[in-house]
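What follows is a set of notes on a single structure, which appears directly below.
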Amino acid sequence: MLVTFEGIEAAGKSTLIAALAQDLRTRGDVVLVTREPGGTPLGDSLRAIFLDPAFAVDPVAEVMLLNASRAQLVAEVIAPALKAKTVVLCDRFFDATVAYQGYGRGQNVDALLETCLVATHRIAPDLTFLIDLPVEVSRARVRARGGADRLEREDAAFHTRVRDGYLALAQRFANRFVVLDGTQLPERIATAARDVLAERRAGPLL
Ligand code: TMP
């Protein structure tokens, strides 16, 4: 089962993933936690380039960097794990490219979806948690954290388009998206996600 986690900056994905991973392991599941961009030696190198504020990256080059990391992650890590019936928790997946590079940068959403599916060998998430958060709250959290990366330095209008893009994706793919309220306390978010996960896993195929 492939479960992905999405949201704008500082939405609380890492905290949620850590809580769910611990929970699943306690129940005896084999769990793999990974992230995008990154998750492999090649992907981690591409991530460093991707986030480096020193580079002015062309929008199409951005997509190619992300999909290079993604293709490597799927081939090397995700596809073998899914074959072994491992529960894979992935911090961002191709919905991030559609939200950031599509809605955020204004590139064609359907063309991007197709390119991403080529990178994943058409593997798509079984379940996607979108932690939704107002942009002002996200920006305040990033400021408090300090050391903003290349994407975090984009303006509020960009991050508003990304947030709205994610919400559009959640409507379009309502069968796999679950929207969580990122302003809630982390424990409440984890409880809500845990309930959904238990429900989905009781259903067919997962
Ligand atoms: P993270 O901060 O959640 O680790 O994500 C790294 C950054 O990369 C974040 O600003 C979102 C951005 N990103 C994209 O723009 N497109 C993508 O496809 C992915 C996976 C991440």
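Along the sequence shown, residues carry numbers from 1. Atoms within a ligand are numbered from 1 in the order they appear, just like the ligands themselves. Atoms considered below: every heavy atom in the structure, side chains included; atoms not considered: hydrogens, waters and symmetry mates. From a predicted model like this one, the values you see are computed outputs, not experimental measurements.
Contacts of Pro134 classified as side chain to side chain contact (heavy atoms under 4.5 Å, CB included), with partners at least two apart in sequence or in another chain: Glu136, Val137, Arg163, Thr183. Qualifying side chain to side chain contact (heavy atoms under 4.5 Å, CB included) partners for Phe173, counting only residues two or more places apart in sequence or in other chains: Leu113, Leu169, Asn175, Arg176, Phe177.
Hydrophobic cluster membership of Val63, counting Ile, Leu, Val, Met, Phe, Trp and Tyr whose side-chain heavy atoms lie under 4.5 Å apart directly or via other members: Leu112.
For Glu9 and Arg153, the salt-bridge test fails: no basic side-chain N is under 4.0 Å from an acidic carboxylate O. Salt-bridge check for Glu36 with Arg70: passed, with a basic side-chain N closer than 4.0 Å to an acidic carboxylate O. Salt bridge Arg172/Asp110: present, at least one basic N to carboxylate O contact under 4.0 Å.
Under 4.0 Å from any atom of ligand 1, one finds heavy atoms of residues Glu9, Lys13, Glu36, Pro37, Arg47, Phe50, Leu51, Leu66, Arg70, Arg92, Ala96, Thr97, Tyr100, Gln101, Leu151.
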